[in-house]
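Inspection log for the structure reproduced underneath, given as structure tokens.
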Amino acid sequence: MPREPPIVLPVLLPLLRHANPWALLLVKEEGYPLSTAALLSERYALKSNEKPFVKALLERKRNLWVFRCDQRRFAGDFVVVDMAEPRPARRQVVVLDLKMGAPLVLGGGGAGVQLVHARDAVEGVAARQDVIPPGPPYTLATGDKDVMLAHLGA
């Protein structure tokens, strides 16, 4: 049986210049063959408002690490970790789901089923060395890209 792709992939500013950065990450970090990675990469594709959001966030807030969620897993759009805190257990973690034209809503309201597996995405980030420990507290947030940028201090 084929293995399930990772629930999150890191979003790095230089990779956003590539047409399909997700295939590159799946090959490089996860060891998938290129043909499989190309097919799986659609799970992480950025919609029209998502690429400008994540690009602006990473350009304005260098202390934030952003992870793209597998869109078939109902875990939100992104997991954002504030790396300014040197102690991993105290880092702020936000799982967000962008909603065009929507106000900021904390706690996951307005996301429907899109944040049902947010905990799985957070645990996917925790599985990466030295980012956050397993089982950290996290905040759920939904809203338009502009209100989300403001909420994140960008």
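The distance from atom CD of Glu123 to atom OH of Tyr138, rounded to the nearest 0.5 Å, is 8.5 Å. Here the CD1 atom belonging to Ile7 is positioned 8.5 Å from the OH atom belonging to Tyr44, to the nearest 0.5 angstrom. Interatomic distance, Met148 CE to Leu57 CG, rounded to the nearest 0.5 Å: 10.5 Å. Here Leu96 contributes atom CG and Gln114 contributes atom CD; the two are 12.5 Å apart, rounded to the nearest 0.5 Å. Taking CG of Leu58 as the start and CG of Asn63 as the end, the distance is 10.5 Å to the nearest 0.5 Å. Expressed to the nearest 0.5 Å, how far CG of Leu115 lies from CG of Asp77 amounts to 8.0 Å.
Cation-pi contact between Arg128 and Phe67: absent, since separation from the ring centre below 6.0 Å together with deviation from the ring axis within 45° is not met.
Note on Met83 and Ile132: same hydrophobic cluster, where clusters join Ile, Leu, Val, Met, Phe, Trp and Tyr whose side-chain heavy atoms are under 4.5 Å apart, directly or indirectly. Under the 4.5 Å side-chain contact rule for hydrophobic residues, Val81 and Leu25 do not share a cluster.
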Residue pair Arg72, Glu4: steps toward the salt bridge (Lys or Arg N to Asp or Glu O under 4.0 Å) verdict
CA-CA 11 Å; Arg72 291 188 185 173; Glu4 188 73 17; over 6 Å; no

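In this structure, Glu50 does not pair ionically with Lys145, as no charged nitrogen and carboxylate oxygen lie closer than 4.0 Å.
The shortest side-chain heavy-atom distance between Leu46 and Leu16 falls under the 4.5 Å cut-off. Within the 4.5 Å cutoff, no side-chain heavy atoms of Arg68 are placed close to those of Val8. Taking 4.5 Å as the limit, some side-chain heavy atom of Leu15 sits within range of a side-chain heavy atom of Leu24. In this structure the side chain of Leu9 never reaches within 4.5 angstrom of the side chain of Cys69, judged on heavy atoms. For the pair Asp144 and Phe53, the minimum side-chain heavy-atom distance is 4.5 Å or more. With contacts defined as side-chain heavy-atom distances shorter than 4.5 Å, the pair Leu64/Phe78 does not qualify.
Remark: Lys99 pairs with Asp97 by the salt bridge (charged side-chain N to carboxylate O under 4.0 Å, His left out) rule, at least two apart or across chains.
Sorted by first then second residue, the side-chain hydrogen bond (donor to acceptor under 3.5 Å, both in side chains) pairs that include residues 83-96, not counting sequence neighbours, are Glu85-Arg87.
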